[in-house]
Amino acid sequence: MYRVPRGTSDILPKEQAYWRYIEQEVANICQLYGYERLDAPAFEDTQLFSRSVGEGTDIVEKQMYTFQDRGGNQITLRPEGTAPICRAYLEHGLHSLPQPVKLYYITSIFRYERPQSGRYRQHYQFGYEAIGDDDPALDAEVIDTAWQFFLALGLHLLSLQLNSIGCKKCRPGYLTVLKDYYANYTRDLCSDCKTRLKRNPLRLLDCKKPLCQQIANSAPRSIDYLCQQCDTHFNKLKRYLELLELPFIVNHCLVRGLDYYTRTVFEIQPEAEGAQSTLGGGGRYDDLIEELGGKPTPAIGFASGIERIILNLKRQNIPVPALPRPRVFIANVGDEAKDETVKLASTLRKNGIGVIEAIGSKSLKAQLRQANTLGVHHTVIIGDEEIKAGTVILRDMTTAQQKTILINQLQGLLK
RNA sequence: GUGAGUGUCGCCUAGUGGUCUAAGGCGCCAGGUUGUGGCCCUGGAGAACGAGGGUUCAAAUCCCUCCACUCACCCCA
């Protein structure tokens, strides 16, 4: 038997209410903050990602679905959402619009990794990007957007972690200090951290091992090594966040996994501890557009995993609205009644009334059983007697009351 | 890539060497009304017990290999 490929899943009808709910809240929050949707293709030139995400990152090094198409092009299934948006911004000259340009997406993401709870090879992300200004008020607004989005979904007990990792001017200096500090502890570090020290020192800060955490906690903090502009930017951002009454926590161990981040980075996590708990995160990427061939263009964005949102909605027992379904079932007995059913169902639907008609040749009992399982409000019953009289039986499924009515009265009674 | 756990009808589960060509619940189908649901009763369909090999007179039950799934690490949403 065929199965879904590892790390992918079918989203069955009973799950769809969650997806519709989230899509609706996404559209709503984006409208409130002035973001417009941009759908990029599922695959891009491999280089778009390897250049932007960073050659040394896990994503580029071992998680991308890359292949050569029949024309010999190197293609990669999108492993993240920001680079395609930036590509589109450049390709379509969106810099000629008033800045910042605000775009959002909700789309599938592909990463080859070992699946586990809240992590898949194909998953869905909602994200948005505000491109074209480095005003810290924009950072604050972007963070506020994310926060209000989760509140609107009904999630509670969230924490907002914030940090600034500086820019290309001040970060190298900080990294030197950080490495010098860690040089004294190489013996105490876990094996992962020993490799991090060489390859990606920033990541040393968020190791979960208790001993490494102790070391990280007293490590030099990036915010103490910011250049003048970055420092001012961060201070203004904090003030705006206070004005917005967002309960942010400055976490100097917060770093993000993609190379393009500069200055502001933030994450929103459920307070309950858990693996892969991060609901969403983002930050500034002031150099990315330029690296992709555009003019220097500061930008900031955020992305969130839909599956993780659903996981948390379920953990927090947050009800989502049920999807609308037909509320009328038509049952019939006999060939003439069957003909009438086919016509009647069509007529009702043309008038906007959702209908499920009895299909197959089941007993009336079986038809009603089906109507019951479907949870319809009314069942219309048609038999020989009703055909002769030009009537139908209208049965209220909650009260079990039924009455015979003229067929042309039906539509009025169902509305 | 590493580590741990699990693998019996669509779903959940019983069974830990012979009474298992596998039991129960949910769901599904049908009957109990000759044109009528939900409760109840009865019946039915549906699994050679992840795959292969081995031990044994005898294996769903023990051993080995593989596969899949789950969880965790790495990393990330």
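These numbers come from the heavy atoms of this one structure, side chains and all, not from hydrogens, waters or symmetry mates. Every chain is numbered from 1, with letters handed out A, B, ... down the list of sequences.
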### Summary
Scanning all shown strands, the Watson-Crick or wobble mate of B/A23 with both distances under 3.5 Å is B/U13
#### Entry: Base B/U36 to side chain A/Q367, donor-acceptor N/O within 3.5 Å cut-off
no
## Note on the structure
Side-chain contact check for A/R203: nearest option of B/U36, B/C76, B/C75 is B/C76
#### Entry: Under 4.0 angstrom between A/Q402 side-chain N/O and B/U36 OP1 or OP2
no
### Task
Please check if the distance between the ring centroids of A/Y112 and A/F110 is under 6.0 Å.
no
### Message
Under 4.0 Å, heavy atoms only, any strand: does A/E61 hit a base, just the sugar-phosphate, or nothing?
### Response
nothing
### Query
Rounded to whole angstroms, how far apart are CZ on A/R369 and P on B/C29?
7 Å
### Task
Select base, sugar-phosphate, or nothing to describe what A/Y124 touches, counting heavy atoms under 4.0 Å on all strands.
nothing
### Query
Can you tell me how far C1' in B/A60 sits from the matching atom in B/A51, rounded to whole Å?
14 Å
## Note on the structure
Closest to the 5' end of RNA chain B, once A/P115 and A/G257 are matched to their nearest nucleotides, is A/P115
### Query
Considering Watson-Crick and G-U wobble pairs with both distances under 3.5 Å, what does B/G44 pair with?
B/C28
### Message
If I take atom CG in residue A/L368 and atom P in nucleotide B/U36, what distance separates them, rounded to the nearest angstrom?
### Response
9 Å
### Query
Nearest-Å distance, CD (A/Q116) to C1' (B/C75)?
9 Å
### Message
If I take atom CZ in residue A/R121 and atom C1' in nucleotide B/C75, what distance separates them, rounded to the nearest angstrom?
### Response
14 Å
#### Entry: Sugar-phosphate only, base, or nothing, as touched by A/G334 at under 4.0 Å among non-hydrogen atoms
nothing
### Message
My understanding is that a pair needs two contacts under 3.5 Å, Watson-Crick or G-U wobble. By that rule, which nucleotide pairs with B/G37?
### Response
none
### Message
Applying a 4.0 Å non-hydrogen cut-off, can you work out what A/K62 is touching in the nucleic acid: base, sugar-phosphate, or nothing?
### Response
nothing
### Task
Could you check how far CZ of A/R196 sits from P of B/C75, rounded to whole Å?
4 Å
### Task
Would you mind classifying the nucleic acid contact of A/S108 as base, sugar-phosphate or nothing, using non-hydrogen atoms under 4.0 angstrom?
nothing
### Task
Take atom NE2 of A/H377 and atom P of B/G37, then tell me their distance rounded to the nearest Å.
20 Å
### Query
For the residue pair A/F248 and A/W147, is the inter-centroid distance of their aromatic rings smaller than 6.0 Å?
no
## Note on the structure
Of the candidates B/G37, B/A30, B/G35, the side chain of A/M397 sits closest to B/G37
### Task
Determine whether more than 12 heavy atoms belonging to other residues, nucleotides or ligands lie under 6.0 Å from atom NZ of A/K238.
yes
### Query
Under 4.0 angstrom, heavy atoms only, what part of the nucleic acid is A/E385 near: base, sugar-phosphate, or nothing?
base
### Query
Does any donor atom in the side chain of A/E55 or A/T57 lie under 3.5 Å from an acceptor atom in the other side chain?
no
### Query
Would you say a side-chain N or O of A/S117 is under 4.0 Å from OP1 or OP2 of B/C71?
yes
### Spacing of the P atoms in B/A14 and B/C62 (rounded, Å)
15 Å
#### Entry: Polar side-chain contact A/E386-B/G35 base: donor and acceptor under 3.5 Å
yes
### Task
Identify whether any heavy atom of A/A400 sits under 4.0 Å from a base atom; if not, whether one sits that close to sugar-phosphate; answer base, sugar-phosphate or nothing.
base
### Query
If you take atom types as modelled and just measure distance, does the side chain of A/K365 reach the base of B/G32 with a donor-acceptor pair under 3.5 Å?
yes
### Query
Are A/R114 and B/C76 close enough that a side-chain N or O sits under 4.0 Å from OP1 or OP2?
no
### Integer-rounded Å distance: B/C75 C1' and A/Y120 OH
16 Å
### Message
Could you tell me how far B/A23 sits from B/G15 if I compare only their C1' atoms? Round to whole Å.
### Response
8 Å
### Task
Classify the nucleic acid contact of A/I109 as base, sugar-phosphate or nothing, counting any heavy atom under 4.0 Å across all strands shown.
nothing
### Query
So what does A/R256 touch, heavy atoms closer than 4.0 Å: a base, only the sugar-phosphate, or nothing?
sugar-phosphate
### Task
Quick one: label A/L258 by what it contacts on the DNA or RNA (base, sugar-phosphate, nothing), any heavy atom closer than 4.0 Å.
sugar-phosphate
### Message
Would you measure the distance from the P atom in B/A68 across to the matching atom in B/A59 and give it in whole Å?
### Response
28 Å
### Task
For A/R3, report the nucleic acid contact type (base, sugar-phosphate, nothing); a contact means any heavy atom under 4.0 Å.
sugar-phosphate
### Query
Considering only the C1' atoms, how many Å lie between B/U21 and B/U8, rounded to the nearest integer?
15 Å
### Complementary nucleotide for B/A68 - Watson-Crick or wobble, under 3.5 Å
B/U6
### Message
Between B/C49 and B/A22, how many Å separate the two P atoms, rounded to a whole number?
### Response
11 Å
#### Entry: Under 4.0 angstrom between A/R6 side-chain N/O and B/C67 OP1 or OP2
no
### Query
What interatomic distance, in whole Å, is found between P of B/C12 and the corresponding atom of B/C71?
14 Å
### Query
Around atom CD of A/E36, are there more than 12 heavy atoms of other residues, nucleotides or ligands at under 6.0 Å?
no
### Query
Does any N or O donor sit under 3.5 Å from an N or O acceptor when you compare the side chain of A/N372 with the base of B/G38?
no
### Query
Closest to the A/R308 side chain: B/C75, B/A77, B/U36?
B/A77
#### Entry: RNA chain B: 5'-proximal contact among A/I393 and A/D192 (nearest heavy atom)
A/I393
### Task
Check whether any side-chain N or O of A/Q125 sits under 4.0 Å from OP1 or OP2 of B/A77, and answer yes or no.
no
### Query
Where does the angle between the aromatic ring planes of A/Y185 and A/Y181 fall among parallel (under 30°), tilted (30 to 60°) and perpendicular (over 60°)?
tilted
#### Entry: Whether A/T46 side chain and A/Q74 backbone form a donor-acceptor pair below 3.5 Å
yes
### Task
Indicate, with yes or no, if the rings of A/F302 and A/F149 have centres closer together than 6.0 Å.
no
#### Entry: Pairwise C1' distance for B/U61 and B/U19, with rounding to whole Å
15 Å
## Note on the structure
Re B/A60: Watson-Crick or G-U wobble partner, both distances kept under 3.5 Å, found to be none
### Summary
B/A30 glycosidic conformation (syn if within 90° of 0, otherwise anti) is anti
### Query
Is the NZ or CZ atom of A/K314 both under 6.0 Å from the centre of the six-membered ring of A/Y18 and within 45° of that ring's axis?
yes
#### Entry: Euclidean distance, atom NZ of residue A/K14 to atom P of B/C11 [Å, nearest integer]
10 Å
